[in-house]
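This report concerns only the one structure given below.
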Amino acid sequence: MRKRYLCLPALLAGVLLLGVVSSPAEPQRKTSNPAAAQRATRVLAIKRRLVVHRIATVRQETWHWQRVMARRPTPSLFGRQDARSLAYSRWVLRLWERRADHARRLAQHPPHRSDWLCIFSHENGGYGWKANTGNGYYGGLQMDLEFQRAYAPRLLREKGTADHWTPLEQIWVAERARTSGRGFYPWPNTAAMCGLI
């Protein structure tokens with residue numbers, strides 16, 4: 001005959017019932033097993049901490065993609081003091097997971113993506129997105145330092161020149177320049193080859 005083990009949720013439910021259920025005629029007593037109650041409290045606190053940590057991770061991912069697209073990061077009102085309720089913390093986690101998924105999907109499909117890939121195919125001379133040939137232009141779209149300072153100061157400060165950025169980051173920075181009124185003219189030859197100017 002196989003031994004049956006109580007799963008953790010059943011154990012927690014049992015501990016909580018011991019503390020809550022009492023006969024109406026007698027005052028409520030503490031559980032008969034204080035060690036189990038302490039263990040259940042510790043388990044609950046660990047679960048809360050794990051959920052709060054996961055919220056912070058997913059929130060940072062959301063903000064990363066929003067910054068890549070040059071969008072304002074979604075404000076967060078959730079703080080550690082709100083983590084007292086595990087159910088509420090899990091709800092906040094699901095909310096941030098949906099936000100991160102939405103931001104990630106949007107960032108994967110920048111406007112004019114095929115145009116930027118065409119410029120990339122003519123621009124970097126076969127060096128790829130990490131092109132740094134020493135000519136003062138960096139990355140797959142060959143951006144000079146003045147361009148990078150103007151349209152991606154945070155990326156330049158945090159990651160260095162464009163040859164250290166991801167392809168998506170480079171495309172979004174180029175898109176930022178395009179929408180600012182410069183169009184495809186910072187790439188006059190290759191944009192003309194692609195029929196963009």
Side-chain angles (χ1 to χ4, degrees), residues 2-21 28 30-113 116-117 128-130 139-140 148 151-176 179:
R2 293 172 62 187
K3 290 185 179 179
R4 294 184 182 182
Y5 296 97
L6 284 174
C7 66
L8 186 57
L11 180 63
L12 288 173
V15 169
L16 291 174
L17 278 175
L18 284 174
V20 172
V21 176
Q28 199 168 5
K30 291 185 178 177
T31 63
S32 60
N33 190 348
Q38 285 179 342
R39 196 166 36 252
T41 303
R42 281 197 306 271
V43 166
L44 194 58
I46 289 168
K47 283 184 177 181
R48 283 191 203 121
R49 280 198 300 272
L50 289 172
V51 172
V52 168
H53 177 72
R54 179 74 182 136
I55 289 169
T57 302
V58 175
R59 187 173 49 205
Q60 287 300 324
E61 182 187 356
T62 305
W63 289 343
H64 165 74
W65 290 116
Q66 289 172 336
R67 283 192 302 265
V68 164
M69 296 182 288
R71 297 190 176 178
R72 267 182 69 203
T74 304
S76 174
L77 302 175
F78 181 82
R80 290 191 181 277
Q81 69 277 7
D82 299 315
R84 287 189 295 266
S85 165
L86 183 58
Y88 177 68
S89 299
R90 285 179 171 157
W91 178 83
V92 171
L93 175 59
R94 287 190 301 273
L95 177 68
W96 278 104
E97 285 174 337
R98 285 193 303 271
R99 288 173 175 168
D101 185 53
H102 178 69
R104 187 183 319 107
R105 277 187 282 111
L106 276 179
Q108 300 297 320
H109 304 286
H112 305 94
R113 185 173 189 269
W116 295 119
L117 291 177
W129 291 100
K130 299 204 173 288
Q148 294 171 59
Y151 299 104
R154 183 190 60 80
L155 275 173
L156 183 60
R157 183 176 60 253
E158 291 177 6
K159 295 179 95 173
T161 51
D163 52 311
H164 297 104
W165 307 348
T166 66
L168 269 178
E169 288 168 336
Q170 294 180 44
I171 289 173
W172 275 104
V173 169
E175 184 62 27
R176 209 168 302 155
T179 57

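The first residue of the sequence shown is numbered 1, and numbering continues consecutively from there.
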*Measure the spacing between NE2 of His102 and CH2 of Trp65 and express it to the nearest 0.5 Å.*
14.0 Å
*When rounded to the nearest 0.5 angstrom, what distance separates CD in Glu158 from CG in Leu155?*
7.0 Å
*At what distance, to the nearest 0.5 angstrom, does NE2 of His109 lie from CG of Leu168?*
9.5 Å
*Please report the shortest heavy-atom distance between Arg67 and Pro73, naming the atom on each side.*
CG-CG, 4.5 Å
_CZ (Arg154) with more than 12 external heavy atoms under 6.0 Å_ = yes
*asked:* Rounded to the nearest 0.5 Å, what separates atom CG in Leu156 from atom CH2 in Trp165?
replied: 6.0 Å
*Which residues share a side chain to side chain donor-acceptor pair (under 3.5 Å) with Trp172, sequence neighbours left out*: none
*For the pair Lys47 and Leu50, evaluate side chain to side chain contact (heavy atoms under 4.5 Å, CB included) and give the outcome as yes or no after the intermediate values.*
CA-CA 5 Å; Lys47 283 184 177 181; Leu50 289 172; 5.6 Å; no
*Identify the two heavy atoms, one from Leu106 and one from Arg71, that lie closest to each other, and give their separation to 0.1 Å.*
CD1-NH1, 3.2 Å
*To the nearest 0.5 Å, how far apart are CZ in Arg176 and CD1 in Ile171?*
12.5 Å
*Please examine the side chains of Thr74 and Gln66, heavy atoms only from C-beta on, and report whether any two atoms are closer than 4.5 Å.*
yes
*Apply ring-ring contact (aromatic ring centres under 6.0 Å, His included) to Trp129 and list each qualifying residue two or more places apart in sequence or on a separate chain.*
Phe120
*Stepwise side chain to side chain contact (heavy atoms under 4.5 Å, CB included) test for Ser85 and Trp91*: CA-CA 10 Å; Ser85 165; Trp91 178 83; over 6 Å; no
*Apply side chain to side chain contact (heavy atoms under 4.5 Å, CB included) to the pair Arg94 and Arg90, showing each step before the final yes or no.*
CA-CA 6 Å; Arg94 287 190 301 273; Arg90 285 179 171 157; 3.8 Å; yes
*Answer yes or no: is there a donor N or O on one side and an acceptor on the other, between the side chain of Trp63 and the main chain of Pro75, under 3.5 Å?*
no
_Stepwise side chain to side chain contact (heavy atoms under 4.5 Å, CB included) check, Val92 with Arg59_ = CA-CA 10 Å; Val92 171; Arg59 187 173 49 205; over 6 Å; no
*Can you tell me how far the CG atom of Asn33 sits from the CD atom of Gln38, to the nearest 0.5 Å?*
9.5 Å
_Testing the basics here: between Pro110 and Ala107, what is the closest heavy-atom pair and its distance to 0.1 Å?_
CD-O, 3.5 Å
*Does NZ or CZ of Arg113 come closer than 6.0 Å to the centre of the six-membered ring of Trp116, within 45° of the ring's axis?*
no
*Work out which heavy atom in Gly140 is nearest to a heavy atom in Gln170; give both atom names and the distance.*
N-OE1, 2.7 Å
_Stepwise salt bridge (charged side-chain N to carboxylate O under 4.0 Å, His left out) check, Asp101 with Arg104_ = CA-CA 5 Å; Asp101 185 53; Arg104 187 183 319 107; 3.2 Å; yes
